[in-house]
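First up is the structure itself, then whatever we jot down about it.
Quick note on labels: first sequence line is chain A, next is B, and so on, each numbered from 1.
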Number of protein chains: 2
Amino acid sequence: MNDSSLVKPRTRQRVLDAVQSLGYIPNKTARVFKSGRSHILGLVISTQHISELAFNAGFQSRFKALTEKAHSEGYNILIITSADAEGRSYFEVIKDQVADGFIILSPSVNEALTPLLEEAGIPYVYNMKYSNRPEDCYYVSSDDVEGGYIAAKYLLDLNHTEIRFIVGIVKGNFMPFNVDRIVGFKRALAEYGIAFREEMIVSVPGQMEESYTMFHHMFQTRRPTALLISNETTTVAALNYFHDHGIRVPQDVSVIGFGPSEFFRHLRPNLTNVSYDIAWSSNKQVDLLLQRIEGQPITPERPKKPELIIRDSTARNVQH
Amino acid sequence: MNDSSLVKPRTRQRVLDAVQSLGYIPNKTARVFKSGRSHILGLVISTQHISELAFNAGFQSRFKALTEKAHSEGYNILIITSADAEGRSYFEVIKDQVADGFIILSPSVNEALTPLLEEAGIPYVYNMKYSNRPEDCYYVSSDDVEGGYIAAKYLLDLNHTEIRFIVGIVKGNFMPFNVDRIVGFKRALAEYGIAFREEMIVSVPGQMEESYTMFHHMFQTRRPTALLISNETTTVAALNYFHDHGIRVPQDVSVIGFGPSEFFRHLRPNLTNVSYDIAWSSNKQVDLLLQRIEGQPITPERPKKPELIIRDSTARNVQH
DNA sequence: CTGTTAGCGCCTTCAT
DNA sequence: ATGAAGGCGCTAACAG
């Protein structure tokens, strides 16, 4: 049945006929047990990923790319969401899964997860740099410093100085990629001789309602002329707020989003955005994970540079 | 280790201590093999589901609801996409998965799938009625006749007669739920004494670009005064087309969407829509599947009635 | 209450 | 080229 070359064709046929007539289906579970390979890749995501799926275009693209890549390598994706609330740590959840390795996207993993996985010999890849130790190369991330930099630089070139950088927070903390984007943002400011002020960074939970309310407050008081928004849902909330209150984009305020270009192209107005090659990094991530699963030596890869896609939501600042 | 009541506490503690000091992790694969239960539910979706994830709010909600329900029952979701193109049928793919049962959402399953699954004793649930035999109760669907009816009735009450019903097609065929919605649509027309014309039904592949182009053609020629749109991506395409061409909603055209109310609430304008209780049907679907897995008797359930959520995209027809 | 054993279904190895 | 046997790690059944 497994196409062994040690079997005579007519014997094989006899076996295949028997399979047919008996309706025999090999027991996949036993095969997995025996071979030690499930051909399943666990995708570890937060409950937030799921509950804010609707406008979370970054996660959507990642999910699509990972699924397609896994499929092309003969693997399937198993969705794993920890409910931290239940008191089980991600490690507890992960070690109970039948998967050959894990892709960990959750921003809320505990520091302690890495050593536990290492000790247990469970292959994994992160998509964020949770550690600064150079030997931890088990992640594929993006060049977020550059992303923050090019976005800010473009706004500064357009003569904007009252810029706000809206970043999502999880449990009161910036995500690592937002920390990097802020570094790039500050670097651009410095190059243009603009002093950084704390109020330029505005943090908000990524949900639609909270974001909408936040913009309401922001535009009641001192109006910025330009916005960088690190989160797609928050970007939609901003556009909706502007629509509802007659604030014109880009005439009254310029907006730059971060995330998949495709998504922003289907918003109105067409949004200028910083675009990361999520398909590329997802492919790399799966490659890296498969290398670990097969015990091959790891070939770390430099992140690709993000790209600024200029569309209709940004204009030269003519105020004052 | 498995909390057997036959073990003395201090013996248990000795075992647990040994587990701790040895770093022993039970082999999940062997457990699955031995117990015959993987606690995995396979979610069978089409490649189209994945590639059009971005604005496919119905699939998103279903995915969310299924994942959460499965999780609450101690199961995880395994994503299964067949690539029909590769020449493997869904059955070939399904029988090779380690899952206790399958939730089949794909609209493109082959007629022959059901008997194959039955014969192989593989538990499954559909979310569409693929057959009209009353004994096939292995599906949970929605009352789509009613959905089409209430939407059309509302437009007729608003004095619209030039209505177009836009339905997605897969491989040139209407999906079963669209067939039902059209039945409801026609019923409403008949009640109001309006003759049904073939041109009232417009079919289009569900992608953004195709839909946009279709609306372009439609509004170049004879403009309808009201639109029913069965597909979320197509709805977004319509709104974008109207935005780009200065067609006002609802002043120039009324629009009703089908799908999750939340999603339509975040569009601009706020969309009137027919809302199905996807969380409810997803829960029922998992319940039904778990009943089948555990060999319990099946308790079929009537679908819940959809609801018309009236918002800002529909207005009385004052033309002529 | 504790320790031992058989067997789940497959695949690989070895003997014929 | 074919047939027979052992063992993967776990758990349920049984013996002590």
Side-chain angles (χ1 to χ4, degrees), chain A residues 1-42 74-76 78 88 91-102 116-117 119-123 292-295, chain B residues 1-42 74-76 78 88 91-102 116-117 119-123 292-295:
Chain A
M1 283 186 58
N2 298 331
D3 286 332
S4 162
S5 58
L6 310 176
V7 178
K8 217 189 279 182
R10 61 171 293 275
T11 312
R12 166 170 301 130
Q13 195 51 52
R14 276 205 297 149
V15 172
L16 261 23
D17 289 347
V19 165
Q20 190 72 31
S21 67
L22 295 169
Y24 169 77
I25 295 179
N27 181 319
K28 186 68 195 314
T29 305
R31 283 186 162 177
V32 167
F33 172 54
K34 172 73 183 163
S35 71
R37 284 291 163 81
S38 62
H39 286 268
I40 290 176
L41 263 23
Y75 283 76
N76 286 93
L78 182 74
R88 300 186 73 202
F91 181 70
E92 296 292 316
V93 177
I94 287 174
K95 75 172 176 45
D96 273 0
Q97 301 305 142
V98 182
D100 297 336
F102 296 85
L116 288 170
L117 292 173
E119 199 182 348
I122 296 174
R292 291 201 70 185
I293 289 170
E294 279 155 25
Chain B
M1 282 186 61
N2 297 334
D3 286 332
S4 160
S5 58
L6 311 176
V7 179
K8 213 190 283 182
R10 62 172 294 275
T11 311
R12 166 171 301 130
Q13 195 50 54
R14 276 206 297 149
V15 171
L16 260 23
D17 289 347
V19 165
Q20 190 71 32
S21 68
L22 295 169
Y24 169 76
I25 295 179
N27 182 320
K28 187 68 195 315
T29 306
R31 284 186 162 177
V32 168
F33 173 53
K34 172 73 182 166
S35 71
R37 285 290 164 84
S38 63
H39 285 267
I40 290 175
L41 263 24
Y75 283 77
N76 286 92
L78 182 73
R88 302 184 72 200
F91 181 69
E92 295 291 316
V93 177
I94 287 173
K95 75 172 176 48
D96 273 0
Q97 299 307 143
V98 182
D100 297 335
F102 297 85
L116 288 170
L117 291 173
E119 200 182 348
I122 297 173
R292 291 201 71 185
I293 289 172
E294 279 157 25

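One can place CD of A/Gln13 at 13 Å from P of D/dT2, the figure rounded to the nearest angstrom. Following rounding to the nearest Å, A/Phe33 (CZ) and D/dG7 (P) show an atom-to-atom distance of 13 Å. Nucleotide C/dT2 holds its C1' atom 9 Å from the NZ atom of B/Lys8, rounded to whole Å. Straight-line distance from the CG atom of A/Leu22 to the C1' atom of C/dG9: 16 Å, rounded to whole Å. What separates CZ of B/Arg37 from C1' of C/dC8 is a distance of 15 Å, to the nearest Å. Rounded to an integer number of Å, the gap from A/Lys28 NZ to C/dC11 P is 11 Å. One atom, CZ of A/Arg31, and another, P of D/dG7, lie 23 Å apart when rounded to the nearest Å. Atom NE2 of A/His39 is separated from atom P of C/dC10 by 16 Å (rounded to the nearest Å).
Interatomic distance, A/Asp100 CG to A/Leu78 CG, rounded to the nearest 0.5 Å: 11.0 Å. The distance from the CD1 atom of A/Ile122 to the CZ atom of A/Arg292 is 10.5 Å, given to the nearest 0.5 Å. The line from OH of A/Tyr75 to CZ of A/Arg37 is 5.0 Å long, rounded to the nearest 0.5 Å.
In this structure, the side chains of A/Gln20 and A/Leu16 stay at 4.5 Å or more apart for every pair of heavy atoms.
For A/Tyr24 and C/dG9, the shortest distance from a side-chain N or O to OP1 or OP2 is not below 4.0 Å.
Considering only the side chain of A/Thr11, D/dA1 comes nearest among D/dA1, D/dA12, C/dC11.
Ranked by how close their nearest DNA chain C nucleotide is to the 5' end, A/Asn27 and B/Arg10 are led by B/Arg10. Nearest-nucleotide mapping onto DNA chain C: of B/Arg14 and B/Lys34, the residue sitting toward the 5' end is B/Arg14.
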